[in-house]
Amino acid sequence: MVEMGLNAVWIMVAAVLVLLMQGGFILLETGSTRMKNAGHVAGKTIFTVGLISLVYWAVGYGFAFGGDAGEGLNKILGLGNFFFDPSISAAEGDAYPSSVFFVFQLAFAAVSMSIAWGGFAERAKLSVYLIFTLFFGSVIYPVIAHWIWGGGWLAEDGSQDYAGSTVVHLTGAMAAFAATILLKPRIGKYNKDGSANEILGHNQVFTSLSVLLLWVGWFGFNAGSALTIGDGFFAYVAFTTQLGAAGGAVAALLISWLVKGKADIGVTLNGALAGLVAITASCAYVEPWAAVVIGLIAGVLVFFSQLFFEKIRVDDPIAALSVHGAAGVWGTLANGFFATPELAEKVGVGQAGLFYGGGGHQLWVQFLSVVVCGAFAFAASFIVLWVIKQIMGLRVTEEQEIVGLDLSEHGSYGYPEALKKSNTTTAL
Amino acid sequence: MSILHKERLLLDIKGAGNPDSLRSIREEEQNRLEAVLSSSPIMEWVEELNELQDALIARALELVMAEMARLGLGAPPVPYAYLLFGSGGRSEQTMSSDQDSGLIYENPANEADAERLSRYFGTFASTAVQYLISIGYPPCEGNVIASNPEWCMPIGDWERKLDGWFADPSWENVRYLLIAADARLVAGDAELAARWTNRFRRDVLGHPVIARRMMENTLRHKALIGVFGQLLKERYGETAGTLDIKYGAYIPMVNVFRLLAVRSGIRETSTIRRIRALEQAGILPSEEALLATEAIALFMQLRMLASERSEDGIRIVNGKLPAAKLKREWKAPLKNALKLCRKLQRQIERELRSRFGGR
């Protein structure tokens with residue numbers, strides 16, 4: 001009973017940390033975008049966290065973790081526990097109360113949702129956020145969570161994704177990708193000749209602070225995924241997490257310095273996040289040196305990925321595709337190389353990677369889960385958004401976009417003193 | 001250019017009676033030069049272009065004197081010297097360089113005289129700047145121009161001003177000293193100009209640390225070559241994909257040799273002559289001097305190519321060369337030239353750091 005209590009406290013602490021990552025997303029997205037959209041960008045996150053909580057409680061959790069589906073259907077999705085009503089305390093023999101597990105899982109769903117918003121930033125209508133949250137929170141995210149964590153077909157395959165490089169990050173990034181394709185680039189991002197303009201975020205201090213918030217929150221995300229105090233394994237997970245993040249930050253600053261001639265702060269911040277995203281899948285499966293390598297590669301990868309997306313004219317204001325998409329893919333694949341037999345056995349999922357005598361099997365499983373989950377998340381998001389686009393449109397009008405979403409969607413500015421209504425048509 | 005053409009051109013310029021005719025001579029001649037740019041040895045071409053500009057400016061100043069007489073203000077009451085700074089001072093003007101200029105006149109005898117001379121040369125310089133604008137030389141954006149009273153003074157004030165800059169080498173003052181280092185007489189009294197440049201040299205010798213301050217002031221313009229030997233192109237905006245030849249190649253090279261020349265008491269102001277003088281003084285090894293000459297010639301050529309004609313016929317040089325204009329056979333020489341530039345920059349930096357300490 002004491003151990004159950006300790007587990008519950010630890011999961012609760014972790015859930016709070018993960019929920020607090022929303023503070024990171026608020027600052028990240030706001031700092032990386034312009035002043036005229038600040039109130040909207042920040043405030044809509046609070047609204048959608050509220051909305052996804054209700055949707056996930058009513059429907060999403062049941063699809064992800066409901067255990068009542070038949071054996072065949074369970075491979076695809078769970079059924080049961082809709083309008084989740086947990087017992088008020090843990091039953092005898094339970095490792096933790098189901099209520100705390102729900103709170104923890106909900107925080108993950110909300111993180112994935114906020115990642116997706118990166119692709120919508122500065123041009124999507126507020127109503128689109130509302131409608132998309134309904135679909136994302138009830139079906140898109142829960143289905144993938146079920147496949148890998150809820151006993152679905154990828155879990156049976158031994159797909160290793162400890163805390164959600166694929167489930168949370170790749171899923172969110174794919175939704176962002178679908179959105180940014182359908183929304184098209186922001187006004188002013190590209191010139192007629194195809195060259196890109198730099199649309200700078202309005203507050204690099206916010207962005208830096210956001211990375212610290214996310215970084216700290218990530219200990220809940222990764223180490224919390226141990227779900228139990230047990231023999232203290234969660235601390236090892238926290239340890240590899242720190243190494244991965246560090247590698248990402250350092251590699252990103254250095255590579256931008258080497259290639260561009262100037263060390264780019266934005267890239268450095270994204271590098272830290274990419275390191276975290278990448279180590280998320282592998283934090284429980286790899287040795288310290290491998291954690292460092294995974295982080296370093298993620299830092300380099302995020303830099304070139306950003307250049308790539310800009311080149312193919314995908315306007316991704318928050319770099320969600322690179323940070324969560326590219327690094328999410330890399331992190332998941334990394335298990336196929338670096339997972340050790342001891343740790344795979346300890347966690348009880350999958351087997352050793354290529355560099356530890358496991359052959360190519362685990363790498364193949366990892367590859368499969370990335371491709372299938374990525375494709376599903378992209379296709380499902382694309383269809384939902386495409387239908388919304390046909391029925392009501394996704395994007396605010398040109399005038400509204402120029403004036404800013406603070407005014408067009410909410411009627412007042414996030415920075416009222418800095419932006420006078422009378423000058424609303426000046427370029428901000 | 002044939003000697004005959006040159007003589008006729010100079011005669012035409014001498015005969016021009018107003019700024020408008022000088023403007024048409026300039027345009028015609030620049031069109032001719034533009035047409036032969038790709039088929040001429042670049043340094044000769046630059047020399048020719050700059051001789052043209054010098055002749056035009058000198059004639060414009062003669063016209064100003066005539067205008068002063070017509071206004072009843074008379075001939076200059078004392079000797080004066082009209083100086084060019086910037087690319088004009090270095091004899092490295094493009095077809096659209098702006099005016100960077102200054103005016104020195106002889107010291108007044110007394111206070112009343114001071115007032116009179118200041119008024120006369122104030123009018124003189126403003127008229128000169130106006131004439132030059134109508135000939136097609138835009139005014140200096142930084143206001144380093146003879147019509148600014150700060151750059152139009154009797155020699156005594158000028159000497160005090162120079163001394164002041166040296167005594168207080170703040171960022172702004174060092175910038176002025178860098179400008180002053182490129183000063184060249186284009187019209188007027190050679191002796192006055194020499195007094196000014198002598199003062200400058202004397203002050204340099206008295207303040208060796210100024211070299212380090214000059215270095216710090218110019219270091220922010222880096223050669224546009226990366227660690228992997230890649231060319232660093234502009235990333236964003238309308239100029240995305242272009243090479244900033246002016247600030248990423250030409251200016252860093254100018255800065256390197258200005259610094260070396262100033263330290264060694266060399267009076268030449270053009271980069272190519274500074275290189276030659278440094279070689280003759282045994283400061284620059286012949287091999288390096290040759291490479292540097294080739295490098296600056298390439299930078300000048302690319303700089304001239306970066307000029308474009310806007311819709312209203314006015315030339316614009318933003319110093320940025322579209323990558324498409326960079327011929328394949330120039331790529332390797334450009335990279336080598338930039339590497340040389342970076343090497344020289346670092347060499348000077350290290351040397352000055354070890355001599356005067358870092359910061």
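Source: prediction; values computed, not measured. Every chain is numbered from 1, with letters handed out A, B, ... down the list of sequences.
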Practice task
Spell out, as yes or no, whether a donor-acceptor pair under 3.5 Å connects the side chain of A:Asn197 to the backbone of B:Tyr236.
Solution key: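 The answer is no, because no donor-acceptor pair under 3.5 Å joins these two groups.
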
Practice task
Nearest 0.5 Å please: distance from the NZ atom of A:Lys192 over to the CD atom of B:Glu238.
Solution key: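 Result: 9.0 Å between the selected atoms.
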
Handout entry: Heavy-atom closest pair, residues B:Leu232 and A:Val259
Key =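 That closest heavy-atom pairing would be CD2-O, 3.2 Å.
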
More than 12 heavy atoms of other groups within 6.0 Å of [X] [atom1]:
X	atom1	result
B:Trp330	CH2	yes
B:Glu329	CD	yes
B:Glu172	CD	yes
A:Phe355	CZ	yes

Handout entry: Set of residues satisfying salt bridge (Lys or Arg N to Asp or Glu O under 4.0 Å) with respect to B:Glu234, sequence neighbours excluded
Key =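 Once residues adjacent in sequence are excluded, the partners of B:Glu234 under the salt bridge (Lys or Arg N to Asp or Glu O under 4.0 Å) criterion are B:Lys320.
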
Practice task
Please determine, among B:Arg235, B:Lys222, B:Gln230, the option with the most heavy-atom pairs under 4.5 Å with chain A.
Solution key: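 Max contact count across the listed options: B:Arg235.
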
Exercise for the section: Report the option among A:Gly194, A:Gly261, A:Ser195, A:Ala196 that has the most heavy-atom pairs separated by less than 4.5 Å from atoms of chain B. Expected result: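 Winner by heavy-atom pair count: A:Ala196.
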
